[in-house]
Each structure stands twice: as C-alpha cells, then as structure tokens.
Amino acid sequence: MEKYLQILKQYWGFDAFRALQPEIIQSIGEGRDTLGLMPTGGGKSLTFQVPALAMEGICLVVTPLIALMKDQVANLQKKGVKAMCIHSGLTRDEINVALDNCIYGGYKFLYLSPERLSTEMFLAKLPLLKVNILAIDEAHCISQWGYDFRPSYLKVAEVRELIPQVPVLALTATATPQVVEDIMEKLHFKTKNVFQKSFARDNLAYVVRYSEDKEEQLVRILKGVPGSGVVYVRNRKKTREYAELLQRNNIQAAWFHAGLKQDEKDRLQADWTRDKIRIMVCTNAFGMGIDKPDVRVVVHMDAPDSLEAYFQEAGRGGRDGQKAFAVLLWSNHDADKLKRSLETSFPEPDVIKRVYEALGNFFQVAVGHGMGLSCDFNMGAFCKAYQFNIVTVFNSLKILERAGYMEFSEDMEMGSRIMIIVERDALYRVQVANEDLDLFIKVLLRSYTGLFTEYVNIDEDLLAKRCNATQQVVYDWLLRLNRMRIVKYIPRKKAPVIYWSQNREDNRYVSLPRAAYLDRKLDYTERIHHVIEYGSSSMVCRSKLLLDYFGERGVVNCGQCDVCLAKKKVALSADKFDEIKDAVQKLLAASPQSVDQLLGSVDCPEELVVAVLRWLEEYGFVGLNQDGLMEWWRMI
C-alpha cells in the first residue's frame, strides 16, 4: 500500500485515502476482478488512476459521459499524466492518431465510450496496447436491470475475451442487489468480489415538502438554509425562470444547462465552486465530476424518474460530513406527470421505426451503408422536415441507441483542433515562402506543444490576441494552411451528433429487442412506482425507504427526515411509533374495529396508542366508516 500512498501524495497531494479506496485499490492491484460501489463524490476515479500509475502499461477507462471523460483527461494532463479520450465527436483520422499515440507515446490512460470498443480500428490496435486495467465507470449501464442500461456496454465483455489476463474494475454509485449480481455476471468476473459502502448518509436529512406553490416554498427553503445549494429542474427554460425568481428575492443565483456554450459552463462551474454563486439552478447536466464538499441544500423542483437518479443528485449535498438537506418538492400533480412520462419516454415501435427511416433519408445514408458515419444533427430542421414532435424524436433516438443502431450525443461542444502534418523542414520552407504566415506559425508553435504528433485543442481568440489580429484573420490563416495540406484543422462546433453504429437497415428488418424496449418500459414503470411511493408516503422514514430500495435491510430510522420529525411530535421514538402503528395496521387489516377495541388490543399504554391513532387519522391513514368503526384507508 506504501507505493499507492506515494502516488496519491505525488499527484493529488493527499496523505491518506478515503473510506473503501484502499481496499479497492489493493484488490485491483493484486489482479482481481473488482466491483466497487461508492456514493457520488466518494472518489471512484482514484481507485483506478492510482494503481494504473503504479503499473506498466495503459489503463482503458470506459465511460458513457463525454463531458466527464474530457474533464478527467484535462485534470490528469494538468498533473503531468499523459491521458487521451476517444468519443463520437472525433473524426476517424483523430481517432487513428490518438490510438497510435497510446501505442507508441507512453500514455497512461485512454478514456473511451463503450461504442468505440467494437470498432474495426480499435480492435485492430488493441493487441498493440499494453493494457494494465480495464476500468468500467457507470457499470450499472451493463445491466438490463440498471436504471440506465446501454446495450453498447455489453461490448465490454467481448473485449475482455481478447485481453483475459487484464483485471476489470467496475464502478458505480448506485445499484440494487439484482444489478450488482448482473454486473459481475455480464463482465465475466472469475470470482465474485464486491466492495460496498453503506448508502446511509447520517448527515443528510431527506425531506419531502408537499406544496402546490413550489416557487414560494423554494424561496422559503433557501432563505431558511444558509450556504451553497443546487436546485434541480427538468427543463432548460425553467433553469433561467427559477434563477431569476431567486434573484428577485435577493438570493444570489445563476442557471446552468447543457445548451450553454462551453466557456460559459466552465465559468459558472468555477464561480459556483469558489462561492461566487450561492445557488445553481440547473438540469441534471450540472454536477458530474464536480466535487464541492460544502453544499448545504439540494432541492428538486420536479420528481425524478428513478430513485437511483434522485439518490445521486441529492447525494451532492453535505460531502464535507456537515449537516445538509435534500428536499423534494411534491404536489398532487407529480404522480400524474410521472405516469404520463411513460407514454412520452416510450413512443410506439412503429413511430420509432419511422424516425429511423427518416434519419436515413435526412442524412442520405443508403440501406446497407453508413456504419462508422458521424453526422452533426440539427434536430429542429429534422422535426420540421418530417413533421415529428421533438420529444418523440429525442426518446426514439435513445431507444434506437439502446437497440444498437446508433449513438446520440446531445449538444456536444468540440473546441477547435489542429495537427501539423508535414515535417519541420517542410514547415520552415512554408514560412520562408509565405512571409504573411511566418509570424502566425511562430505564435502557433510557441503557444502549443505536441502539434506534430497529435491533434491539439486551440483557441482562435487567444491566437488572435497574440498575433494582434482579428479572430476572422486567424480563422482564414488556419483554413489556408489546411488547404495547403500543412495542417489538419477542425474548427470549433457545437451540435448534437449521431453516430451510425451499424449499417442502415431496411425498415422491414428494424427490430427493437425486448431488452431495449419492452423490458425497459416495464422497468421504467416500476421505477416510477418507487418514486411515487417516496414522494407520497408520510409514514416510512425517508432514509429507510431509500436504503431498503438499495437492498440494505434492518436499518434504523434516521430521526432527522420530515417523517421522523413528524413522529417525534407525538412524543414517541420513531421505533416505538412504528411498533404501535404496525400493531394497529395488523388489527385493522383483519376487520374494522372500534377505538376502544384497538386500545384494548394493542399492548402499550393507552395514551400512546391514542397519540398514534390521532396522527394516523390526521394524515389520512385511518378513519371511521359509516358504522363508526375505525378502518385502514390507505397502504404505506
């Protein structure tokens, strides 16, 4: 373990690991297949980064989150560690250069999306890569029972067969017991090997607030809880509306969503992390890979569509171990909205097939062709051309992705990239022959390293300032060098991208496997049921309900959620309250009874039983029927 601690200190400046990190690192360092379940913010990335740096060779990291992939690569590069990422936003030539650099350039980490694993180019070069660890982030995606199942993750198991001696480290923040078993089976673990931290968060109080005026409730909460916070909403427009509402109420706030420009996203994330912004109102695009420990409150304005998603997002509060609150605002309409979302999330199969056919026509991809093609996708123009609803198209693309036909990346922003493709002598001759380009080339070479060996991200605005020129002039110089075949220049772009994972099928043969559609629809229905239960229940401890969902049995009531605090008002411990409640429920399940019968049947002091009965009646769990007998009215 000493060598791992030295690496931790050298690259990250820490003297000790967090809980569970040493056990996982030791396991994977000894060459054992390992599954690590660590909560959001628990430091999952260090469990493969540290041991990989201690070994010869390169670590393959599979992750579906392109933004997180790019962030981790950038962070490693800042520490002087050679890292590369490959995803659907890169050209074929860029991917080829990247793989060659990983083979011959001493790189330690290659991040790639699961779809890249099965490409002909990657499989051809895999034998030349000296892989030391195969790390699978968001490992729940490989399980059809996981809340974000992606068929492309099944390709990981196929790659395992090609490098059987390489240990696998699977990582996820949330997984039910069924998903844990499925992950190990799908990844062909030689022996079961799970390291799991309890999902319990003793310092995080889970609260559900029932309100038909969520805006008023939001302002009240944020004025009552000091410190940094996050407010999650389901659509981009609302991020701005709620942020402006908070600003009108003298609460410092900003908004964030995937549609913002990358430099604006970077500025907002930095300002929030440094406490220049107190409250960030955002979609779930915010928070990935951001480890701000002192978040005091996380508010969900809308119900999430799974408890896994809620647990991850709520878990961004209180990572410093101090008291924090996770608040879900719930109204009478939320359950209906969730049930309606089932229809929009799963369009009818014939609609999905029409979207697929229209995509082929839109991009002029012939049947039997297109595999490996990456296309910028203007969803607005597509919907207008073929009279589709934008939500229908979005969800159809997600299902087609699960079925393995294509990848869909939303609003991917790719900065400008350049690579010099001539030798230094040839470049010097160009400078001599073109005096107007000489200064620009010198500035380019002084500003960036690695231009002769790999594609490098560049900033045209920075180059313009250093050349005392306009951005348009710099752009023209780059295009001119590109036409002269001196450089390969890929200008900045921001657009959704569709990548054809296989050749276009004739629509008659397009099929939606059960695992990609029907099973997912049934699973989604079950997940919605659990969210509705969480939001509408006022009897079961919130923490207990969440932990039970993730397979932790026999846990005690947290004593700090809204349910536990309400029970304390009847001057009883939560456990004693539950004991009396369970006895009452059992008696009333057999038959309606009078209050006197109940008081005589429950083996507890009469005044305590009366207090619990009053509470149950107040919250609508029990009531008197027309005969004046007590009945149990609704289940918990």
Side-chain angles (χ1 to χ4, degrees), residues 39-41 201 203-257 268-269 271-273 275 277-288 290 292-320 322-335 337-338 531-532 534-538 542-543 545-546 558 560-563 565:
T40 302
R201 294 286 305 278
N203 65 308
L204 187 60
Y206 295 100
V207 178
V208 175
R209 284 276 178 265
Y210 302 92
S211 176
E212 295 304 316
D213 186 351
K214 292 187 177 183
E215 294 185 1
E216 183 271 338
Q217 189 71 250
L218 174 66
V219 172
R220 183 184 300 177
I221 290 167
L222 295 181
K223 284 191 172 181
V225 181
S228 181
V230 184
V231 177
Y232 281 107
V233 299
R234 292 295 288 269
N235 68 62
R236 295 178 181 182
K237 183 181 177 185
K238 288 290 184 182
T239 61
R240 179 168 186 161
E241 290 178 3
Y242 285 133
E244 290 176 343
L245 164 73
L246 297 178
Q247 290 167 1
R248 290 195 298 273
N249 283 273
N250 299 315
I251 297 172
Q252 187 188 48
W255 64 90
F256 185 104
H257 56 72
L268 287 168
Q269 288 177 345
D271 285 351
W272 182 73
T273 302
D275 293 322
I277 296 169
R278 181 191 162 205
I279 305 297
M280 188 65 76
V281 186
C282 55
T283 62
N284 60 7
F286 181 76
M288 289 296 180
I290 298 172
K292 181 172 170 58
D294 60 345
V295 177
R296 300 274 67 88
V297 61
V298 178
V299 181
H300 279 75
M301 298 296 289
D302 307 295
D305 53 16
S306 75
L307 288 183
E308 287 95 335
Y310 181 70
F311 188 81
Q312 274 204 321
E313 291 161 10
R316 297 197 167 102
R319 293 183 187 172
D320 56 1
Q322 302 302 308
K323 184 68 176 287
F325 297 87
V327 184
L328 170 62
L329 297 183
W330 184 267
S331 76
N332 292 329
H333 304 295
D334 284 314
K337 284 180 184 176
L338 283 171
V531 174
I532 293 173
Y534 180 85
S536 58
S537 170
S538 54
R542 304 288 177 200
S543 180
L545 195 154
L546 284 170
C558 72
Q560 61 182 354
C561 70
D562 60 299
V563 174
L565 292 177

key: side-chain contact (heavy atoms from CB on, under 4.5 Å) assessment of Arg316 paired with Glu313   = CA-CA 6 Å; Arg316 297 197 167 102; Glu313 291 161 10; 3.7 Å; yes
Do [X] and [Y] come close enough that some side-chain heavy atom pair is under 4.5 Å?
| X | Y | value |
| --- | --- | --- |
| Phe286 | Leu268 | no |
| Leu546 | Arg201 | no |
| Thr283 | His257 | yes |

Worked verdict on Val531 versus Asp305 for side-chain contact (heavy atoms from CB on, under 4.5 Å) = CA-CA 7 Å; Val531 174; Asp305 53 16; 6.0 Å; no
Quick one: does any side-chain atom of [X] pair with a main-chain N or O of [Y] as donor and acceptor, under 3.5 Å?
| X | Y | answer |
| --- | --- | --- |
| Gln322 | Asn203 | no |
| Asp302 | Val233 | no |
| Asp334 | Gly535 | no |

inquiry  = Among Gln247, Arg248, Arg240, which residue satisfies the side chain to side chain donor-acceptor pair (under 3.5 Å) criterion with Glu244?
reply    =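 Checked Gln247, Arg248, Arg240 against Glu244; only one passes side chain to side chain donor-acceptor pair (under 3.5 Å): Arg240.
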What pair of heavy atoms forms the shortest contact from [X] to [Y], and how long is it?
| X | Y | result |
| --- | --- | --- |
| Ala324 | Gly317 | CB-C, 4.0 Å |
| Tyr206 | Cys561 | O-CB, 2.9 Å |
| Ser331 | Ser211 | CB-O, 3.2 Å |
| Glu212 | Asn332 | OE2-N, 3.0 Å |
| Ile277 | Ala254 | CD1-CB, 3.8 Å |
| Asp562 | Val208 | OD1-N, 3.2 Å |

To the nearest 0.5 Å, what is the distance between [atom1] ([X]) and [atom2] ([Y])?
| X | Y | atom1 | atom2 | result |
| --- | --- | --- | --- | --- |
| Leu328 | Tyr232 | CG | OH | 14.0 Å |
| Leu222 | Ile251 | CG | CD1 | 5.0 Å |
| Arg319 | Leu204 | CZ | CG | 11.0 Å |
| Asn249 | Glu215 | CG | CD | 9.5 Å |
| Trp255 | Lys238 | CH2 | NZ | 15.0 Å |
| Tyr242 | Met301 | OH | CE | 4.0 Å |

message = I'd like to know if Asp294 and Lys292 make a salt bridge, using a cut-off of under 4.0 Å between side-chain N and carboxylate O.
response =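 Salt bridge present between Asp294 and Lys292.
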key: salt_bridge(Asp213, Arg220) N-O dist < 4.0 Å   =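 Looking at Asp213 and Arg220, the cut-off is not met.
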ask   = Should Arg296 and Asp320 be marked as a side-chain contact (heavy atoms from CB on, under 4.5 Å) after you check the CA-CA gap, both sets of side-chain angles, and the distance that decides it?
value = CA-CA 10 Å; Arg296 300 274 67 88; Asp320 56 1; 2.9 Å; yes
message = Are there over 12 heavy-atom neighbours, none belonging to Arg209, within less than 6.0 Å of that residue's CZ?
response = no
task = Decide side-chain contact (heavy atoms from CB on, under 4.5 Å) for Phe256 and Val230; before the verdict, give the C-alpha distance in whole Å, the side-chain angles of both, and the deciding distance to 0.1 Å.
result = CA-CA 10 Å; Phe256 185 104; Val230 184; over 6 Å; no
Aromatic Tyr534 / basic Arg542 pairing, under 6.0 angstrom, 45° off normal = yes
